[in-house]
There are 2 protein chains.
Amino acid sequence: MKPSTSIQDYLKRIYELTESGSPASTNDLARELNIKPASVTGMIQKLASEKPALIEYQKHQGVTLTSAGKKAALEVIRHHRLLETWLVQTLGYSWDEVHEEAEKLEHVISEDFERRIAAALGHPLRDPHGELIPTADLKMPLDDTTPLSALRKNQSGKILSIKGADADLLRYLDELGLTPNTMIEVIDYSPFDHNLTIKVEKKTHVLGLSVTSKIFIEES
Amino acid sequence: MKPSTSIQDYLKRIYELTESGSPASTNDLARELNIKPASVTGMIQKLASEKPALIEYQKHQGVTLTSAGKKAALEVIRHHRLLETWLVQTLGYSWDEVHEEAEKLEHVISEDFERRIAAALGHPLRDPHGELIPTADLKMPLDDTTPLSALRKNQSGKILSIKGADADLLRYLDELGLTPNTMIEVIDYSPFDHNLTIKVEKKTHVLGLSVTSKIFIEES
DNA sequence: TATAAAATTTAGTCTTGCCTAAATTATTGT
DNA sequence: ACAATAATTTAGGCAAGACTAAATTTTATA
Ligand SMILES: [Mn+2]
Ligand SMILES: [Mn+2]
Ligand SMILES: [Mn+2]
Ligand SMILES: [Mn+2]
């Protein structure tokens, strides 16, 4: 059985929150999903007791995905990222507008639809934010990527992706020319506030940690 | 508030069943929606007591749409038909494949998405089955159309539309070349079984009532 | 190491939309 | 007119997925 829209959203968030390696906490999930923590506990318990279980869960210890759960999560993420790519390419959406639409469509498109848009787009590797698109057999490609916040003076590289769906941030970055495939160089670093001064296309900008932690770089 | 997916499907079916003028019965609705009659009664009572009411209802008398209900129905129908048109045009779906996909997408696309596909398609008047697409301000255009089953020997005309979503029928009609905009002529009529012999592109076919009642003609 | 604060879980409730079984109302054939 | 049949409604239940309030557990702090 295909998981419900609700469950698909839980699994997707759990995937994202556990990418770092550590389990996802009830509260983090509640925040990301805009659902009260008590309700999240309920759903977590349900997902852990499905057969096969979609998540691994021990009281108060947070959750991780089982391989069944991971597969279901990657399915949704593939839909989401293909849809975003497709909306931008064929309907002229801008990269800050697509997320909400894809968030709803991802749950209802058929596998046939997925194949058709993937083929029409030429089986793209990344979505409009530079995020990797899981393959048709539901493997997430590997990526050698560093958050911009980890770079220091004189380091440089190419922007690969922007994490997160904050439309305001995306519009801001767009104005500064900070989009995927752009080359940047770190000019300066302020140790106390973690601000980075970077150079992009002859211009310099000072960016705070809330921005630099969302931008991912391929170092050069 | 936007009606739920369930309610949207009820309103759409009620619209279709009441196009003839007579109210839609509980049983007809139950059959069309694949929902048990008892459940339909429950939903009907709910829709009739919303404020504003979406349907008009008197016990045992069937239902009709109020103007609010009709507007909501036309909204869904517009989505459905634009989506079908778009899936055929941009993703190469055939006319017998699109219905199911549109049936799910119609409930989740945004008004922005609707505007974008309408514009991208050049504001089409009809969907791939020849059905009229409600306008952006939610009026259903008028159509001077006759079911093929009402034509008799020597009458002729152009196929405007095929009613209903039966994929097998659509594939069959496709093979015979009976698609919208095709000219046909009635060669013979059998009064007992209501079979019609028609000529299409030099070929003749004998069609029963279950087929001819689904094909709508502009007489010439 | 004892509290205080924060995170998490439990318990109980609500809404939506469906179901079955039983009761009621309408229609039909004689 | 009246029984049989068909259509519809009522009554009672269930599952999903959310919520609030209260209890519990963990973690942080003094
Ligand atoms: Mn898929
Ligand atoms: Mn979603
Ligand atoms: Mn539908
Ligand atoms: Mn609309």
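Excluded from the calculations below are hydrogen atoms, water molecules and symmetry mates; all remaining heavy atoms, backbone and side chain alike, are included. Throughout, a chain's letter reflects where its sequence line sits, starting with A, and its residues are numbered from 1.
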**OP:** Could you pick out which residue, Lys46(B) or Thr41(A), lies toward the 5' side of DNA chain C when each is mapped onto its nearest nucleotide?
**Re:** Thr41(A)
Original post:
What are the 5'-most and 3'-most nucleotides of DNA chain C lying under 4.0 Å from any heavy atom of chain B?
Top reply: dT16(C) to dA26(C)
Subject >> Integer-rounded Å distance: dA7(D) C1' and Ile44(B) CD1 >> reply: 12 Å
**OP:** For the residue pair Ser20(A) and Ser22(A), confirm or rule out a side-chain donor-acceptor distance under 3.5 Å.
**Re:** yes
Original post:
In whole Å, what is the span from the OH atom of Tyr10(A) to the P atom of dG17(D)?
Top reply: 9 Å
Subject >> Short side-chain N/O contact to dT8(D) OP1/OP2 from Gln45(B), under 4.0 Å >> reply: no
Original post:
What do you reckon, is CD of Glu100(A) surrounded by more than 12 foreign heavy atoms closer than 6.0 Å?
Top reply: no
Subject >> Separation of atom NE2 in His60(A) from atom P in dA23(D), rounded to whole Å >> reply: 16 Å
Original post:
Contact class for Ser6(B) (heavy atom, under 4.0 Å): base, sugar-phosphate, or nothing?
Top reply: sugar-phosphate
**OP:** Calculate the interatomic distance between Ile35(B) atom CD1 and dT8(D) atom P; express it in whole Å.
**Re:** 15 Å
Original post:
Tell me, do Glu84(B) and Glu131(B) make a side-chain contact under 4.5 Å, heavy atoms counted?
Top reply: no
**OP:** Look at all strands and tell whether Thr26(B) reaches a base, only sugar-phosphate, or nothing, counting heavy atoms closer than 4.0 Å.
**Re:** sugar-phosphate
Subject >> Pair Thr145(A), Asp143(A): side-chain N/O donor-acceptor within cut-off below 3.5 Å >> reply: no
